[in-house]
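Atoms within each ligand, like the ligands themselves, are counted from 1 in listed order. These values consider heavy atoms only, across backbone and side chains, with no hydrogens, waters or symmetry-generated copies.
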Amino acid sequence: MNKRFVIAIDGPAASGKSTTAKQLAKRLKYVYIDTGAMYRACGLCTLLQDVDLDDEIALKKMLDTISIKIKYAKNGNRILLNNEDVSTRIREADITKLSSQIAVIGIVRKKMVELQRKMGENGGIIMDGRDIGTVVFPNADFKFFMIADVKTRALRRWKEARLKGEDISLEKIEEELIWRDKNDSTRDISPLKQAIDAIPIDTSNVTIDQQVDMIYSIVVE
Ligand code: DC
């Protein structure tokens, strides 16, 4: 397989995108780009620079100078915001909510899409997010749309939270997922939706290895 494809994986939160994309990238020796992390970094930047989401001028100024980089590493990529490693901070609950709120803003999306297209211009990438197959790379070589029922997704996040030692109830996680799904799929610009030519993958009742195998065989065949 000599051609270096662009592979787009979209879907709602906790549908299995990033776990699958990471493993697939390893197998294909591709670069994995987590675009959700970029919106998260952007949200964190507004907090650090005290920028009000309604203040378009301040937001524009912030976006003009923002630097978001992905440092590729074997044991997990790191995300750098203005050259500082924010990989852990952006996974916290306040940033999770803020990232979904900031992702509805047109100038923010424009900037993120610009950066993402540059990162993927040479192919050999697996990019996951909400609008990769619809907006960022509408001509991607492969498009997958991952889905899973909300109870399964909430349980996955709850288990992850427990492993990290976080004390949060399953109900609260489910509530937050439902809020985020709604916010991400009902916004005016680039809402979360399946591209018409994307292959749907339901991960509710399959293991991670099975998900990866499914996509891998479609790509290599
Ligand atoms: O994938 P994630 O949960 O880390 O994404 C965080 C938020 O970023 C998500 O709620 C919506 C937004 N997002 C987006 O609007 N478009 C993308 N391509 C990726 C993420």
Side-chain angles (χ1 to χ4, degrees), residues 6-22 24-25 32-47 53 59 63 66 68 70 76-79 81 86-120 125-138 140 143-148 150 152-154 156-158 160-161 164 166 168 173-195 198 201 203:
V6 170
I7 302 174
I9 303 184
D10 290 302
S15 55
K17 302 183 301 288
S18 65
T19 318
T20 309
K22 264 183 227 160
L24 200 63
Y32 164 55
I33 299 167
D34 171 2
T35 64
M38 298 172 70
Y39 286 92
R40 286 169 183 266
C42 205
L44 174 60
C45 196
T46 64
L47 266 193
L53 298 194
L59 205 51
L63 291 168
I66 199 169
I68 298 176
I70 298 174
N77 295 348
R78 311 296 300 173
I79 178 112
L81 167 66
V86 293
S87 315
T88 308
R89 175 68 180 100
I90 58 167
R91 298 292 154 196
E92 288 174 21
D94 59 334
I95 303 299
T96 300
K97 184 159 191 211
L98 190 55
S99 62
S100 184
Q101 288 168 324
I102 203 170
V104 308
I105 302 171
I107 52 170
V108 171
R109 300 207 71 84
K110 190 166 173 275
K111 177 78 184 192
M112 294 304 112
V113 170
E114 196 181 292
L115 293 174
Q116 290 153 11
R117 287 190 177 143
K118 207 168 268 166
M119 289 174 179
I125 56 139
I126 301 177
M127 195 173 270
D128 80 5
R130 305 292 190 285
D131 60 340
I132 312 306
T134 50
V135 176
V136 183
F137 287 112
K143 297 182 189 178
F144 298 96
F145 194 81
M146 308 202 66
I147 42 172
V150 72
T152 308
R153 292 190 283 128
R156 280 179 193 156
R157 277 289 139 90
W158 181 73
E160 281 169 17
K164 285 196 253 169
E166 288 166 21
I168 183 164
I173 290 191
E174 187 175 330
E175 213 175 88
E176 283 172 2
L177 276 181
I178 292 170
W179 178 86
R180 212 142 65 92
D181 283 354
K182 186 159 180 271
N183 203 50
D184 293 344
S185 53
T186 57
R187 62 178 178 232
D188 293 336
I189 316 163
S190 313
L192 162 70
K193 69 166 189 229
Q194 185 177 332
I201 307 268
T203 69

Undergrad: Can you check whether Ile79's main-chain N or O pairs, donor with acceptor, with Ser87's side chain at less than 3.5 Å?
TA: yes

Undergrad: Can you list the ligand 1 atoms lying under 4.0 Å from a non-hydrogen atom of Thr35?
TA: 17 (C), 18 (N), 19 (C)

Undergrad: So, using salt bridge (Lys or Arg N to Asp or Glu O under 4.0 Å) as the criterion, who are the partners of Glu114 when residues are at least two apart?
TA: none

Undergrad: Taking the non-hydrogen atoms of Arg187, is any one of them nearer than 4.0 angstrom to ligand 1?
TA: yes

Undergrad: Pull out every atom of ligand 1 sitting under 4.0 Å from any heavy atom of Arg40, numbered as shown with elements.
TA: 2 (P), 3 (O), 4 (O), 6 (C)

Undergrad: Under 3.5 Å between any N/O of Asp184 and any N/O of ligand 1: does that happen in this structure?
TA: yes

Undergrad: Looking at Arg117 and Val136, would you say the former's side chain and the latter's main chain have a donor-acceptor pair under 3.5 Å?
TA: yes

Undergrad: Does a side-chain heavy-atom distance below 4.5 Å link Leu98 with Leu53?
TA: yes

Undergrad: May I ask whether Met38 has any heavy atom positioned less than 4.0 angstrom from an atom of ligand 1?
TA: no

Undergrad: Numbering the atoms of ligand 1 from 1, which are under 4.0 Å from a heavy atom of Asp131?
TA: 16 (N), 17 (C), 18 (N)

Undergrad: Under the salt bridge (charged side-chain N to carboxylate O under 4.0 Å, His left out) test against Asp181, which residue among Arg187, Arg130, Arg153 passes?
TA: Arg153

Undergrad: Quick test: of every protein heavy atom, which one is nearest to atom 8 (O) of ligand 1, and how far off is it to 0.1 Å?
TA: Tyr39 CB, 3.5 Å

Undergrad: Could you identify the single nearest non-hydrogen protein atom to atom 3 (O) of ligand 1 and state the distance to 0.1 Å?
TA: Arg180 NH1, 3.0 Å

Undergrad: Tell me, which protein residue and heavy-atom name are nearest atom 7 (C) of ligand 1, and how many Å apart are they?
TA: Ser99 OG, 3.3 Å

Undergrad: Give the single entry among Met112, Met127, Arg109, Gln101 that approaches atom 16 (N) of ligand 1 most closely by any heavy atom.
TA: Arg109

Undergrad: If we ignore hydrogens and angles and just use 3.5 Å, is the side chain of Asp128 paired with the main-chain N or O of Ser18 as donor and acceptor?
TA: yes

Undergrad: Taking non-hydrogen atoms only, is Arg130 closer than 4.0 angstrom to ligand 1 via side chain, backbone, both or neither?
TA: both

Undergrad: Near Ser100, which atoms of ligand 1 are under 4.0 Å from a heavy atom of that residue?
TA: 10 (O)

Undergrad: Scan side-chain atoms only and decide if Arg40 and Thr96 contain a donor-acceptor pair under the 3.5 Å cut-off.
TA: yes

Undergrad: Flag the pair Ile9 / Ile132 as yes when at least one side-chain heavy-atom distance between them is below 4.5 Å, and no otherwise.
TA: no

Undergrad: Find all atoms of ligand 1 within a distance of less than 4.0 Å from any non-hydrogen atom belonging to Ala103, and give their numbers and elements.
TA: 12 (C), 15 (O)

